[in-house]
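The structure appears below as structure tokens.
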Amino acid sequence: MSFEAAEPAMPREHYLNAQRGAWSWLTTHDHKRIGVMFLGALLCTFLLGGVFALALRLELLTPGETVMGRLAYNRSFTLHGVIMVWLFLIPSIPTSFGNFLLPLMIGARDVAFPRLNLASFYLFLLGAVMTVWAILQGGVDTGWTFYTPYSTATGTDVLPVLMGVFVVGFSTILSGLNFITTVHTMRAPGMGWMRMPIFVWTLYGTSIIQVLATPVLGMVLLLVALERVAGVGLFDPARGGDPLLYQHLFWFYSHPAVYIMILPGMGVISESVSAFCRKNPSSYRVLVWSTVGIAFVGFLTWGHHMFVSGQSVLGSGTFSILSMLVAIFTALKIFTWTSTMYRGSIWMSAPFTYVLGFIFLLFFGGMSGVAVAVTSADLHWHDTYFVVAHFHFIMVGASLMAFLAALHYWFPKMFGRCYPEGLGVGTAVLIIFGFIATFLPQFLLGNMGMPRRYADYPEHFQSLHVASTAGASLLGFGFLIIAAYLGWSLRHGRVAGRNPWGSRGYEWHSDSPPPESNFHAPPDFPYRPHDYSRPDTQPEVGHAA
Amino acid sequence: MRPEASVRPVVPQARHFGDEASRQDAAHVGMWVFLASEVMLFTALFTAYALYRYAYPDAFHQGRAYMDVGLGTLNTYVLVTSSILVALAITSVRAGRDMRAGMFLLGAWVLGVGFLCIKGMEYAHHAHDGALPGAWYDFDDFAVPGASLFFTLYWVMTGIHAIHVLVGLGVLSTLVVRALSGRFSAAYHTPLELGGMYWHLVDIVWLFLWPLLYLA
């Protein structure tokens, strides 16, 4: 690893300063600017969802009413779930980092439909605003799943939230459509499918799920809206309808949605494991085909949400086995990452710390997923905190760790400046510790029988709830530190140079930050992505502070 | 048909693509992916239809017997014919005859409007009988369990299809204007092809709805 002698210079003109003024941002067709705007919007929704999370943990600190009443509690957990799932986790990595990096990684000047890309951003904003407006109207108490018949009968105003999520779904479909087309038609000359960076592969798999599953969600939300407005009766047993139809259609989308959250994260991890171990992935093909496998099997598992709904034993057994198949593909990925680390030259940077957190949380959350996929065990854990802990480990732990890894790994690429590395590693450790402290007690609570969605509990659960709330506070504190040092680095961080990590990812061929049309000359990628076996032609490593 | 129509320069929109051909490729791929998502949208409704037809076979049989097969079949012919006209428009514009293409598109548009008018007549008839969806269902002659579900699905499925027809009519009307003003040529007619694909989807969805809702 050679260190450059001189301080790198910031490129004179780049996408951030090529055009000036707020209007140039709001009307931009540049995928990088749209990615940055998405990132900003997502951080706002994450903050809002996080505030509701802390409010919930505060309420659960002691038995009985602590800071809010029952109805306020129900509304808070609904809005925490709605905001975090629909407005943060599902769009998070694809729309921000995917938008920014996909064209760079395949050597294209932009995505296939730049105007559609901007439209997708505005649709997201519109949906987010509608949802937040619902909060100001007094809130919704259905939970993020909008289960019928409760969601069609409750007196709270569900319509704006349903419509908000519907609009966000449109944004998701358009982004997915754009990414699929970009990958199919805009790869640089000579880049075959088996030479695409793995992050691109995972974005491609995610986009297919988005395009095929989201319309089903859109339709079912529309039907719930019609049920509320016109009493159409499709989900109302009094009119001969079947509330279970809602669950089938809802989970047909919402289980694959978990893979919309996690697949891009797996792509981020695959990229950073190679970069920070200075080693080729031990099998590119396994990483690719397990991505395709997860995207496919993800469509066949929705019934495991309905083990206690009265579906047939044959149905439950089938969904149980199909759900376990996901674990096989996930294990393939975990084995590939760990064997990539084996005898690698590991650089314990902040992104790599998050990688380790990701692998631990994914492994733990995944194993608890196999446990709840077992029908008999699920009967015991169903609708308890065990499930809450399980899906937070998988959905939140893993995708959030990947989001933070991506944020730190590509921060120099996006803004041309480095952040203080020591602080980054320290905060990463704090975040991982805080996360485990928050959700590990919830596994125990669930196993002891604490049901989810309850504002109150018997006294003997209190010590575990206190531990969980303490962990959540650590987590919130960690995010504040990250916001502080990344905000500081935007202006005052050391100039990064083209490739501060010495990574072989294709996106680092361009300047940091990249010029407006991504490359000064048509890009040429002479080696496979993630190829660390050949000598580096552009040594520019000098990041470690 | 004006000869200069076909020699217009190719629209220079290939900015971030290598060339105009890859731009057209991308447009086609994008449209196919979009149509796939549209199919999934209707799949949710077909699933609901299958479930309730399984649960209430008698009501669904009688419901279909009540429908006016004549009007439904007429509408099928109307929509298929308009789809053929769109296909003929594309063939014409490929041969550089965009005036004729414009006339074909206009014909397709008129048939599309005709489809909605016939549909509207049917709706008025159902409303008169009280065969409205859900809570508004008030059809005393036909009160078997599940009947209101059949009509709910009928209204939702044909209603969402009709919204697609409306969107398609909007697309067709811009295509008519562009074709008649000579914006397309043998070398450049991607919007026409994409709009045509959308119109064919609307047609194909109806070809599934027609037997499910009308043919007992």
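Per chain, numbering begins at 1; letters A, B, ... match sequence-line order.
Within the 4.5 angstrom heavy-atom criterion, atoms from both the backbone and the side chain of B:Phe34 approach chain A. Heavy-atom distances place the side chain of B:Ser148, and not its backbone, under 4.5 Å from chain A. Within the 4.5 angstrom heavy-atom criterion, only side-chain atoms of B:Tyr56, from C-beta onward, approach chain A. In this structure, chain B has no heavy atom under 4.5 Å from any part of A:Asn518. Of the atoms belonging to B:Leu132, not a single heavy atom falls under 4.5 Å from chain A.
For the set B:Ala27, B:Pro145, B:Gly30, B:Ala48, the count of heavy-atom pairs under 4.5 angstrom toward chain A peaks at B:Gly30. Of the listed residues (A:Asp236, A:Leu249, A:Leu226, A:Val220), the greatest number of heavy-atom pairs within a distance under 4.5 Å of chain B belongs to A:Leu249. Chain B forms the most heavy-atom pairs under 4.5 Å with one residue out of A:Ser517, A:Gly241, A:Gly233, and that residue is A:Gly241. The most heavy-atom pairs under 4.5 Å with chain A, out of B:Leu153, B:Ile160, B:Leu45, come from B:Leu45.
Taking the ring pair (Phe, Tyr, Trp, His ring centres under 6.0 Å) definition, one finds that B:Tyr154 meets it with B:His126, sequence neighbours left out.
When the shell of 6.0 Å around OH of B:Tyr123 is examined, it contains more than 12 heavy atoms from other residues, nucleotides or ligands. Surrounding CZ of A:Phe296 are at most 12 heavy atoms belonging to other residues, nucleotides or ligands under 6.0 Å away. Remark: A:Tyr122 OH is packed, more than 12 non-hydrogen atoms of other residues, nucleotides or ligands lying under 6.0 Å away. More than 12 heavy-atom neighbours from other residues, nucleotides or ligands sit within 6.0 angstrom of CH2 on A:Trp251.
In this structure, CE on A:Met219 lies 9.5 Å from OG1 on B:Thr43, to the nearest 0.5 angstrom. The line from CD of A:Glu227 to OG1 of B:Thr152 is 8.5 Å long, rounded to the nearest 0.5 Å.
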Full working for side-chain contact (heavy atoms from CB on, under 4.5 Å) between A:Tyr253 and B:Met40: CA-CA 11 Å; A:Tyr253 166 81; B:Met40 291 308 286; over 6 Å; no
CA sep, side-chain torsions, deciding dist, call: B:Tyr52, A:Leu234, side-chain contact (heavy atoms from CB on, under 4.5 Å): CA-CA 9 Å; B:Tyr52 291 124; A:Leu234 285 179; 3.7 Å; yes
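Here the shortest heavy-atom pairing between A:Arg109 and B:Phe17 reads NH2-O, 3.6 Å. Taking all atoms of both residues into account, the shortest heavy-atom contact from B:Ala26 to A:Thr181 is O-CG2, 3.1 Å.
You'll find the side chain of A:Thr185 stays beyond 4.5 Å of the side chain of B:Ser22, heavy atoms only. Counting only heavy atoms from C-beta outward, the side chains of A:His184 and B:Trp32 never approach each other to under 4.5 Å. Annotation: side chain of B:Leu149 is not in contact with side chain of A:Val232 (no heavy-atom distance under 4.5 Å).
Residues of residues 205-218 of chain A that come within less than 4.5 angstrom of chain B, heavy atom to heavy atom, are A:Val211, A:Leu212, A:Pro215, A:Val216 in numerical order.
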